[in-house]
Engineer: 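For reference, the structure I am asking about is given below.
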Amino acid sequence: MDDKGLKVLLHASAFFSAFYISMLVPLVIMLTTKDSHMKRLSIQALLFQLVMSILITVGWVLTGTLILAIVGIPMLIVFGLMSIIVPIIGIVKALQDEHWEYPIVKRFF
């Protein structure tokens with residue numbers, strides 16, 4: 001598979017139905033590729049999906065309590081939309097052969 005197709009698959013893995021499968025694709029790409037840019041991008045995708053999952057879970061927990069629902073509901077909306085929009089941007093950038101890094105985690109890795 002060429003580099004463009006692998007990048008599209010990496011970004012599209014966020015939409016796989018099961019949580020462990022969406023985490024498995026970046027992990028497999030990270031372990032099997034020799035390209036340092038693909039390794040970096042797969043680690044970013046893995047960390048982004050993990051962070052978004054944790055933040056959405058925290059939003060659900062906060063929504064479960066009546067008083068903290070004021071914070072939880074906006075968290076669910078913002079991070080839910082972010083977990084949909086960011087991978088789509090990554091797919092479009094990969095199809096255009098442009099360099100792109102995930103927000104939030106690009107500064108840490």
Side-chain angles (χ1 to χ4, degrees):
M1 182 179 280
D2 64 336
D3 197 34
K4 183 190 284 189
L6 201 57
K7 285 181 184 178
V8 170
L9 177 66
L10 179 69
H11 297 303
S13 69
F15 300 116
F16 293 163
S17 61
F19 172 72
Y20 60 90
I21 293 176
S22 67
M23 297 293 224
L24 186 64
V25 172
L27 186 63
V28 168
I29 292 173
M30 179 186 67
L31 295 174
T32 59
T33 188
K34 292 182 175 28
D35 184 20
S36 63
H37 176 67
M38 281 303 297
K39 281 188 186 280
R40 179 181 166 90
L41 193 60
S42 63
I43 291 171
Q44 286 181 359
L46 185 67
L47 289 175
F48 180 79
Q49 292 174 12
L50 183 65
V51 167
M52 286 296 112
S53 299
I54 291 170
L55 290 173
I56 289 172
T57 302
V58 168
W60 276 112
V61 169
L62 291 177
T63 303
T65 61
L66 186 59
I67 296 171
L68 296 177
I70 296 170
V71 176
I73 293 173
M75 277 182 72
L76 286 174
I77 293 169
V78 169
F79 294 126
L81 287 174
M82 197 170 164
S83 65
I84 294 170
I85 294 171
V86 170
I88 291 173
I89 293 171
I91 291 170
V92 170
K93 295 290 185 179
L95 289 172
Q96 297 172 349
D97 279 333
E98 294 181 22
H99 176 72
W100 185 77
E101 293 185 346
Y102 278 86
I104 298 174
V105 294
K106 71 179 177 182
R107 296 185 193 110
F108 298 118
F109 190 82

Engineer: Donor-acceptor check, side chain of Gln44 to backbone of Tyr102, threshold 3.5 angstrom: yes or no?
Structural biologist: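 Yes, because the side chain of Gln44 sits within donor-acceptor range (under 3.5 Å) of the backbone of Tyr102.
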Engineer: Applying salt bridge (Lys or Arg N to Asp or Glu O under 4.0 Å) between Glu98 and each of Lys93, Lys4, Lys7, report the one that passes.
Structural biologist: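 That would be Lys93.
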Engineer: Test side chain to side chain contact (heavy atoms under 4.5 Å, CB included) on Ile88 and Phe15 and set out the steps.
Structural biologist: CA-CA 10 Å; Ile88 291 173; Phe15 300 116; 3.7 Å; yes
Engineer: Any side-chain to backbone donor/acceptor pair from Thr32 onto Val28? Under 3.5 Å, distance only.
Structural biologist: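 Checked: pair present.
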Engineer: Decide if atom CD1 of Ile70 counts as having more than 12 heavy atoms of other residues, nucleotides or ligands within a radius under 6.0 Å.
Structural biologist: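 Not buried by this count: 12 neighbours or fewer within 6.0 Å.
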Engineer: Over 60° means perpendicular and under 30° means parallel, so classify the ring planes of Trp100 and His11, tilted if in between.
Structural biologist: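 Answer is perpendicular, since the angle exceeds 60°.
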Engineer: Drop me the distance from Leu81's CG to Leu76's CG, to the nearest 0.5 angstrom.
Structural biologist: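 Spacing of CG (Leu81) from CG (Leu76) equals 10.5 Å.
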Engineer: If I compare all heavy atoms of Pro74 with all of Ala69, which pair ends up nearest, and what's the gap?
Structural biologist: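 Closest pair (atom of Pro74, atom of Ala69, distance): CD-O, 4.0 Å.
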Engineer: Do Ile73 and Val61 sit in the same hydrophobic cluster, where Ile, Leu, Val, Met, Phe, Trp and Tyr count as joined when their side-chain heavy atoms come under 4.5 Å apart?
Structural biologist: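 No; Val61 is not reachable from Ile73 via cluster members.
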Engineer: Could you state the interatomic distance from CG (Leu47) to OG (Ser42), rounded to the nearest 0.5 Å?
Structural biologist: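 So the gap between those two atoms works out to 9.5 Å.
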Engineer: Tell me whether Thr33 contacts the main-chain N or O of Met30 through its side chain, where contact means a donor paired with an acceptor under 3.5 Å.
Structural biologist: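 Judged by distance alone, no pair lies under 3.5 Å.
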Engineer: So which heavy atom on Met82 is nearest to which on Pro87, and how close?
Structural biologist: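 Nearest pair, atom of Met82 first, then Pro87: O-CD, 3.9 Å.
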Engineer: Given Phe79, which partner from the list Val58, Ile84, Val51, Leu55 fulfils the side chain to side chain contact (heavy atoms under 4.5 Å, CB included) test?
Structural biologist: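 Answer to the side chain to side chain contact (heavy atoms under 4.5 Å, CB included) test with Phe79 among Val58, Ile84, Val51, Leu55: Leu55.
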Engineer: Could you grab the distance from atom CG of Asp35 to atom CD1 of Ile29, nearest 0.5 Å is fine?
Structural biologist: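 Going from the CG atom of Asp35 to the CD1 atom of Ile29 covers 11.5 Å.
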Engineer: If you take all heavy atoms of Ser83 and Ile56, which pair is closest and at what distance?
Structural biologist: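 Looking at all heavy atoms of both residues, the shortest contact is OG-CD1, 4.0 Å.
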Engineer: Closest approach of Gly72 and Leu62, non-hydrogen atoms and distance?
Structural biologist: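 Between these two residues, the closest heavy atoms are CA-CB, 3.8 Å.
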